[in-house]
Protein chains: 2
Amino acid sequence: MQYSFASRAQTLLSSPLRDIRELAKRDSFISLAEELPAEELFPVHSLAEAATSVLSEDPLALQYGEAEGYRPLREWLSQDFSRRKGLHVQPQHILLTTGTQQAIDLLVRVYVDPGDPVLVDNPTSPGLLQVLRLQGAAIIPVEGDQEGMVPEHLEAMIRKHKPKLLMTAPNFTNPTGVAWSLERRKKALDLCISHGLLIVEDDSYGDLSFADGKNQTTELPSIFSLEEKQGEHVLYVGSFSKTVAPALRTGWAAGNRRVIEMMTAVKQMADWQSSMLNQRMLHHLLESKHFQLEDHIGMLNREYAIRLKLMVELLKRSAWKDSTYTIPSGGMFLWVQLPPGLDGEALLRAALLKGVAFLPGSMCSATSAQDRIRECIRLNFTHPGRDELLLGMNLISEAVLEFTARN
Amino acid sequence: MQYSFASRAQTLLSSPLRDIRELAKRDSFISLAEELPAEELFPVHSLAEAATSVLSEDPLALQYGEAEGYRPLREWLSQDFSRRKGLHVQPQHILLTTGTQQAIDLLVRVYVDPGDPVLVDNPTSPGLLQVLRLQGAAIIPVEGDQEGMVPEHLEAMIRKHKPKLLMTAPNFTNPTGVAWSLERRKKALDLCISHGLLIVEDDSYGDLSFADGKNQTTELPSIFSLEEKQGEHVLYVGSFSKTVAPALRTGWAAGNRRVIEMMTAVKQMADWQSSMLNQRMLHHLLESKHFQLEDHIGMLNREYAIRLKLMVELLKRSAWKDSTYTIPSGGMFLWVQLPPGLDGEALLRAALLKGVAFLPGSMCSATSAQDRIRECIRLNFTHPGRDELLLGMNLISEAVLEFTARN
């Protein structure tokens, strides 16, 4: 039969990531394209213990639960936000989601009408762009630099487009890895307050900070924490996918009661609720004496910092001499500007033939014709082990050389 | 600040179920309103064993996985469909979702544009109505009787509205519990094929069949299985929430490759994928020698049939003498037409004061002014234990008497 899909559904099929994932199923394939934590560092034994305990305690762990999410886990989060991040959020102003991506999708579904202008980082995450495209938003990229979004450009875009939403990730932005300066955070907040915009602050990567001995609350305060009346203009989203394990599918949105209420209603409509089992297991783990989240994150960050350092060493080789990049102080990605004239997608095609992948910059661009972003690539350094990282970078270097040697 | 939600978002807040859920948190409250299986019958020990095994085998059980879902579970489903249900579906034509509700939401997001007419059972499930309302569909109810949708009315609605989609649940429809006759299934399929409609067949309740000794494949064949070229015009959705446990959040959509591909893309956008841990646990359970799904379902059905019988006995009391109902042969619900003039929502308000809830018929109606449906209520008999059922029905009877005594 002739299937007649919705008008914007085709925007979903454009992703080269889909092909990469197919290729990546091959055994010898190395992917620096994805956004995966290192599975060898998962707290497997503690979670096995959590599963046993939770399932032996109460069959309700297998039942439907509240759409808002498991109340004790929301209480834990509320306390953790306060203790580690200077955020003051009541449990009833937190919605548990199956990860940051769902939190973003839910918010966009209840807040954005087709044609509504929405401001985003430039470049920004492919997952966010997909959500906005399917909803039919008018995506307005705001220029940034190594300090974060440029306030003058942000203000100009606000005045020009009168958007109702700014969606950003000030801590180790995907894909650039930029951590916004305190001043830029304050500026963006002030502008959004004075023009009545809601900010969606994605803090998926905030805990992955490699700067030793620094206090995250004071060094990288969330925009949410900077508002006098916290939660009024900022929705704070994040997840345990990078800090504990993705398969627990647990993230959150925290903010104003009315926004959370509306998101809870659409969450219920979309999938009733997240898994009670996963939420209870996570809560059990976080409350366990044998597991300290901060220690675990510290261990992750030490290993990820080593992998990043290795990647940076490998970028010093001759193949990359005309490339530029800034070393991030956290997160999962290194964003590399290729030698002039070298297109990220063209390089990807060559790299795939060699059995390696990365994310081409074009995927992170709201518009199709931005040369600067098309000449960039995003390299993930958290998932590949050290050997894999070495081999993968060697293969990409070979591909770069094949192009640059021609010129 | 002034939050400016999307234009259709308000449709989400209309649900009286939300208030019922709040009330139901009280300890002594009895809810016959929801769609819950009996938690005391969950295979808790087998699932605890599955969790331990899965987590000890492979840390990838905690990693991100394929958007389509865990391949071995899709293979298991493909074989189960063939063996028990006469469905022939390749694993690559199955998408695993976090339940039936998500399968329906994903399909509607990629298939329905605002204003598109969509045919549904009348009455139909509140969850389906919410999805269609948020997407802006023009919802067209099709009349049915104890045999299923009435073909003449279905054809008239197809000719009048030229819809591209029919969404139905022919096995123990929510809320009426009706099981369509074979003839009606064939008729609906023929009409949809000749007019080029896609059918979404929700089989969430199909396994909950209380008719002893009957072969489900021949007695209640899915519409999907009746099509010569299976999967061309029918998308088959369902879940393990009623047969194993809701907290595993695992359901499916099976059908044509193009439809599944598009749904997979939107699934990836909506939440990346369902929990790998839950999917692997479920697969381990289904493959375990200590657990037989058919035996487990048989045990559930014996207990649910007893609870239904008890409910029917209680309906013979004088309070209900002017009510009418048909005893379903499976599913989770009994649909009762109240004494003439008694409104379901008014009765609910009185019942809530007594500490008991049910679903008022109005929640299942696509239109706001259908007297017949407003005078009906949906009673769930699977979740309350026998004592609770007795007490809950007594309290509702009291409420009914208060109304009928006045007239």
Side-chain angles (χ1 to χ4, degrees), chain A residues 1-7 9 12-13 18 21 36 39-40 42 44 47-48 51-52 55-56 59-66 98-99 101-102 105 109-113 127 130-131 134 164 196 198 232-233 245-249 256 258-259 262 265-266 269-272 274-278, chain B residues 1-7 9 12-13 18 21 36 39-40 42 44 47-48 51-52 55-56 59-66 98-99 101-102 105 109-113 127 130-131 134 164 196 198 232-233 245-249 256 258-259 262 265-266 269-272 274-278:
Chain A
M1 68 175 278
Q2 193 69 34
Y3 299 106
S4 105
F5 291 102
S7 52
L12 293 165
L13 295 183
R18 289 160 47 81
R21 294 211 170 100
L36 270 64
E39 58 256 14
E40 66 275 20
F42 291 151
V44 179
L47 279 169
T52 308
L55 283 168
S56 68
L60 285 176
L62 290 169
Q63 186 58 285
Y64 286 106
E66 297 170 65
T98 54
Q101 183 72 17
Q102 188 185 51
D105 184 42
R109 291 181 84 176
V110 296
Y111 213 76
V112 176
D113 273 320
Q130 280 208 321
V131 168
L134 187 70
K164 56 184 186 182
L198 179 66
E232 181 78 358
H233 286 83
L248 295 173
R249 307 306 303 121
N256 178 273
R258 283 194 58 213
V259 178
M262 197 65 101
V266 73
M269 188 215 73
D271 64 7
W272 291 118
S274 295
S275 165
M276 189 47 65
L277 176 63
N278 295 351
Chain B
M1 70 175 279
Q2 192 69 34
Y3 301 105
S4 102
F5 290 102
S7 52
L12 292 165
L13 295 184
R18 290 160 45 83
R21 293 209 172 101
L36 270 63
E39 58 257 14
E40 66 275 20
F42 290 152
V44 179
L47 278 169
T52 308
L55 283 168
S56 67
L60 285 175
L62 290 168
Q63 186 57 285
Y64 285 107
E66 297 169 63
T98 53
Q101 183 72 17
Q102 187 185 49
D105 183 42
R109 291 182 84 176
V110 297
Y111 213 75
V112 175
D113 274 320
Q130 280 209 322
V131 168
L134 187 69
K164 55 185 186 181
L198 179 66
E232 180 79 358
H233 286 82
L248 295 174
R249 305 308 301 122
N256 177 274
R258 283 192 59 212
V259 178
M262 196 66 100
V266 76
M269 187 215 72
D271 64 6
W272 292 119
S274 295
S275 165
M276 189 49 62
L277 176 63
N278 293 353

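This one's a predicted model, so the numbers in the text were calculated from it and none came from an experiment. Protein chains get the first letters and strands the later ones, always in sequence-line order, with residue 1 at the start of each.
With hydrogens and angles ignored, the 3.5 Å screen pairs no side-chain donor or acceptor of B:D113 with any backbone N or O of A:A6. Here the side chain of A:R249 pairs a donor or acceptor atom with the backbone of B:D271 at under 3.5 angstrom.
Residues A:F5 and B:R258 form a side-chain contact, since some pair of their non-hydrogen atoms from C-beta on lies under 4.5 Å apart. In this structure, the side chains of A:Q2 and B:K164 stay at 4.5 Å or more apart for every pair of heavy atoms. Between B:H233 and A:Y3, every side-chain heavy-atom pair lies at or beyond the 4.5 Å cut-off.
Closest non-hydrogen pair, B:L277 versus A:A247, comes out as N-CB, 3.7 Å. Nearest approach of A:A51 to B:A51, heavy atoms of both residues: CB-CB, 3.7 Å.
Contact of A:V131 with chain B is made through backbone and side chain together, with heavy-atom distances under 4.5 Å. Only the side chain of B:F42 comes within contact range of chain A, with at least one heavy atom under 4.5 Å from a heavy atom of that chain. Residue contact with chain A, scored on non-hydrogen atoms closer than 4.5 Å, involves the backbone and the side chain of B:V110 alike. Only the side chain of B:L134 comes within contact range of chain A, with heavy atoms under 4.5 Å apart.
Options B:L248, B:V112, B:V44, B:T52 differ in how many heavy-atom pairs under 4.5 Å they form with chain A, and the most are formed by B:V44. Between chain A and the residues B:L55, B:L47, B:L62, the most heavy-atom pairs under 4.5 angstrom are made by B:L62. Heavy-atom pairs under 4.5 Å with chain A peak, among B:A9, B:S274, B:P246, at B:P246. Most heavy-atom pairs under 4.5 Å with chain A: of the set B:M1, B:E39, B:Q102, this distinction falls to B:M1. Most heavy-atom pairs under 4.5 Å with chain A, from the set B:M276, B:M262, B:Q63: that is B:Q63. Put simply, of B:S56, B:S275, B:S4, the one with the most heavy-atom pairs under 4.5 Å next to chain A is B:S4.
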